[in-house]
Number of protein chains: 2
Amino acid sequence: MSGKRKGLGRATVHDVAKLAGVSSITVSRYFKQPDIVSPVLRERISEAVRVLDYLPNHAAGGLASTRGRIVAMVIPNISGPIFANTIQSFSDELSRYGYQLLLASSYFSIEQEERAVRAFLGWSPAALVLTSQYHSEETERLVAKATMPIVETWDYEPARKPLQVGFSHGEVGRQAVEYLHGKGYQRIAFVQNSMVGDLSALDRRDGYIAAMASYGLNPWVFVPTQADPFEAGKQAVNSLLLRKEPAEAIIFANDNLAAGGMLAGQRAGMQFPRDCAIFGFGNYAFSEMLLPSLTTIRPPAKEIGEVAAMRILQALGEIPTDEPVQHLNLLECELIVRESA
Amino acid sequence: MSGKRKGLGRATVHDVAKLAGVSSITVSRYFKQPDIVSPVLRERISEAVRVLDYLPNHAAGGLASTRGRIVAMVIPNISGPIFANTIQSFSDELSRYGYQLLLASSYFSIEQEERAVRAFLGWSPAALVLTSQYHSEETERLVAKATMPIVETWDYEPARKPLQVGFSHGEVGRQAVEYLHGKGYQRIAFVQNSMVGDLSALDRRDGYIAAMASYGLNPWVFVPTQADPFEAGKQAVNSLLLRKEPAEAIIFANDNLAAGGMLAGQRAGMQFPRDCAIFGFGNYAFSEMLLPSLTTIRPPAKEIGEVAAMRILQALGEIPTDEPVQHLNLLECELIVRESA
DNA sequence: CTCGAAAATGTTACCGGTAACATTTGGCAA
DNA sequence: TTGCCAAATGTTACCGGTAACATTTTCGAG
């Protein structure tokens, strides 16, 4: 009847303006910079907004003003114990300033990541957040061409151009070796991640290898073939401990593997750390509840989200840029010593 | 210099159209319904898109066509073991059809939920997903007025109007009692969630109470004052077991509480389930790794995400509506019997 | 009381697409 | 060859805001 194509029950700035007896732009200003609208009109507009139940249309606003209030993030996965905290803190920080989070997961696939980035750029987000420094060439190209702030998280390689907020995975590998070597262990093995595509995990392995070499020890990397982390951990324990010269300590690429390995060993009658020291990565929720509780390294997941959000808000001019604090983007992992090593 | 306000390096349909020697709408059609564009033009447009590195602007498209490809979801939290799987499967399912996920968390606060809903509606999402059936009045009003499909997840109360995909929390409480009663336990206590605002958890408690009554047993609800679930669990165990007539079995509102309680009891020299049966909810990742492993109920987190996505895609006409399958939206929880009860 | 600058408000055009309707082209029966 | 309908393509206007510039109002100094 009405002839309007859409807007069934949805008021626009124009409707509000008409009812308040002002021009549309004044209504727009009422929302963006209330202080430059006179109190009288503010009151009239406020009333009209209430009466019409007006909700601003962000898509239209973003289109007209070059600055949407969406921030897009591509993360390997949402479930799983690793990234959830980063997403959470990132989203919370942003929402405080009225930005909304557009999210997609890549499952460590650079192709899926590329697809997500492509789709996201179509929303001209205010900023784009990626995970890790490893992307497809096409992603690199798209990102290089984009004009909004880009942040890479969970890695820190200052040689690269995009802003990075994370930590050095190589350093994590080194830290684990240092700790175990300090406790007198010599035959220290490393169990790699069964998750293909997690390139940063390989950096941790490389850090391990380098550190071992620096101590004059032989690196000993086990690559599980099982996909399931529990099974993979079991496989590793069987291979590394049931032999003439068993490993004295095992660094697992993550806590899941470590837990799987430890349980398998216990079922086979071993005791930890008596028979072998167990070292994880990630500090998953269950790690402190295992028996023995798991010695591990806590990545600064939550902090990454917070700092990334902060950097973005600064780049967008929402919060003042600090005095030139350098390298605050390089975050620290925390060594958590428990019973297993 | 150029005079263009934005579009620095970003091509539009119009640019593509000019280069391909067609009109803009033809380019638009090339993306939406390629089959109605002749092969010759398709080829020319495709080439122009490649040359200009054109990316469609979804905000503009959505504005013009009433149908954005964003789906908004408000969830209590992203981290935490509960909802991550729902988000993950939901997002995955949607992205398969080119929809993107806009996400916000409410932390079980209906005020925060309302704020998120308000912001989301401004993006005119293709659909809106909420968690639980409990919202503020204003949220109810906004939702009732909205025209896009709305889905409530993690609850199932068919009396309400919005489409619901979830399970009956009351039934979960009942199921736990049934199981424990079947094993001969009489003094069965229930430890409530310390997370205020999680109203669905109270439904589980009510289900417990009703079931106890139906068996002629006295309900026995403990309300922890500690916020930290581990501490709360500890508190509960102390209160329920260190007394003349201790509980024979304890149903905890979630696995975190159960784990905390069990560890505290073990530290105090108790053995489970010998001294008391322990029953959880959630089937968190660590539950099978506890000693004894935790008997619990697995909520259909992943399934909720999948089914919710499916219903939305059906409502949007992306996938065919099945033959009238009734009640597929009521999902089943799975009783997972392990060692602790 | 007049004038001028600052503050408040309005006008116009346009952001980048697409719906609705208009027009042209193509293919085939008569 | 003509005529007619369907397929292919184009024209125009508009989605709901806001930038840029234009105009009016306010108000204190002179």
Side-chain angles (χ1 to χ4, degrees), chain A residues 2-45 48-49 52-70 121-124 147, chain B residues 2-45 49 52-70 121-125 147:
Chain A
S2 87
K4 279 199 178 177
R5 240 195 295 159
K6 56 202 275 192
L8 310 139
R10 183 88 176 261
T12 73
V13 251
H14 309 299
D15 302 328
V16 173
K18 196 184 300 176
L19 181 57
V22 300
S23 74
S24 320
I25 190 69
T26 304
V27 176
S28 176
R29 288 189 184 115
Y30 166 80
F31 284 105
K32 302 284 164 183
Q33 332 172 44
D35 42 311
I36 71 165
V37 175
S38 71
V40 193
L41 294 193
R42 268 208 297 257
E43 182 48 44
R44 295 226 304 268
I45 294 172
V49 165
L52 295 176
D53 208 15
Y54 169 73
L55 280 180
N57 180 327
H58 297 128
L63 180 58
S65 71
T66 330
R67 0 195 47 236
R69 290 188 93 79
I70 274 191
L121 288 177
W123 289 101
S124 14
T147 54
Chain B
S2 87
K4 278 201 182 178
R5 241 195 297 162
K6 55 202 272 192
L8 310 140
R10 182 89 177 260
T12 73
V13 253
H14 309 297
D15 302 327
V16 173
K18 196 185 301 176
L19 181 56
V22 299
S23 74
S24 320
I25 189 70
T26 305
V27 175
S28 176
R29 290 188 183 116
Y30 166 81
F31 284 104
K32 302 283 166 186
Q33 334 173 42
D35 43 310
I36 72 164
V37 176
S38 71
V40 193
L41 293 192
R42 269 209 296 257
E43 181 49 43
R44 294 226 303 269
I45 293 172
V49 165
L52 295 176
D53 209 12
Y54 168 73
L55 280 181
N57 180 327
H58 297 128
L63 220 209
S65 70
T66 328
R67 1 195 44 236
R69 291 186 92 78
I70 274 190
L121 288 177
W123 288 102
S124 16
T147 53

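Naming convention: chains lettered A, B, ... in sequence-line order (proteins, then strands); numbering from 1 in each chain. The analysis underlying the following values was restricted to heavy atoms, covering all of them including side chains, and did not include hydrogens, waters or symmetry mates.
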Original post:
Picking from C/dT18, C/dT11, C/dG16, which would you name as closest to the side chain of A/Ile25?
Top reply: C/dT11
Original post:
To the nearest angstrom, how far is B/Asp15 atom CG from C/dC14 atom C1'?
Top reply: 14 Å
Original post:
How long is the span from the NE2 atom in A/His14 to the OG atom in A/Ser23, to the nearest 0.5 Å?
Top reply: 10.5 Å
Original post:
Can you find an N or O donor on one side and an acceptor on the other, under 3.5 Å apart, linking the side chain of B/His14 with the base of C/dG17?
Top reply: yes
**OP:** Between C/dT9, C/dG17, C/dC15, spot the one nearest the side chain of A/Ile36, thanks.
**Re:** C/dT9
**OP:** Take A/Ser24 and A/Pro39, find for each the nucleotide of DNA chain C with the closest heavy atom, and name the residue whose nucleotide sits nearer the 5' end.
**Re:** A/Pro39
Subject >> Nucleotide of C/dG17, C/dT9, D/dG17 approaching A/Ser28 most closely (side-chain heavy atoms) >> reply: D/dG17
Original post:
Counting side-chain heavy atoms from CB outward, which of C/dT18, C/dG17, D/dT9 is closest to B/Val37?
Top reply: D/dT9
Original post:
Would you say the base of D/dG10 and the side-chain of B/Arg29 have a donor-acceptor pair closer than 3.5 Å?
Top reply: yes
Subject >> Residues forming a salt bridge (charged side-chain N to carboxylate O under 4.0 Å, His left out) with A/Arg29, sequence neighbours excluded >> reply: none
**OP:** Specify the separation, in whole Å, of atom CG of A/Leu121 and atom P of C/dG17.
**Re:** 13 Å
Original post:
Hey, does the side chain of A/Ser23 come within less than 4.0 Å of C/dT11's phosphate (OP1/OP2), counting only N and O?
Top reply: no
Subject >> Under-4.0 Å side-chain N/O to phosphate OP1/OP2 contact, A/Thr12 with D/dG16 >> reply: no
Original post:
Could you give the distance from CD1 (B/Ile45) to OG (B/Ser38), rounded to the nearest 0.5 Å?
Top reply: 8.0 Å
**OP:** Select one nucleotide: of D/dA19, D/dG17, C/dA19, the one nearest the side-chain heavy atoms of A/Val13.
**Re:** D/dG17
**OP:** From the options B/Asp15, B/Leu19, B/Val22, select the one residue that forms a side-chain contact (heavy atoms from CB on, under 4.5 Å) with B/Val27.
**Re:** B/Val22
Original post:
Under 4.0 Å: is that the gap between some side-chain N or O of A/Thr26 and OP1 or OP2 of C/dG10?
Top reply: yes
Subject >> A/Leu63 CG to D/dC14 P, straight-line distance once rounded to whole Å >> reply: 17 Å
Original post:
Yes or no on side-chain contact (heavy atoms from CB on, under 4.5 Å) for A/Tyr30 and A/Val16, after CA distance, side-chain angles and deciding distance?
Top reply: CA-CA 11 Å; A/Tyr30 166 80; A/Val16 173; over 6 Å; no
Original post:
Counting just side-chain N and O atoms, does A/Ser38 come under 4.0 Å of either OP1 or OP2 of C/dT9?
Top reply: yes
Original post:
Does a nitrogen or oxygen in the side chain of B/Tyr54 sit under 4.0 Å from OP1 or OP2 of C/dG17?
Top reply: yes
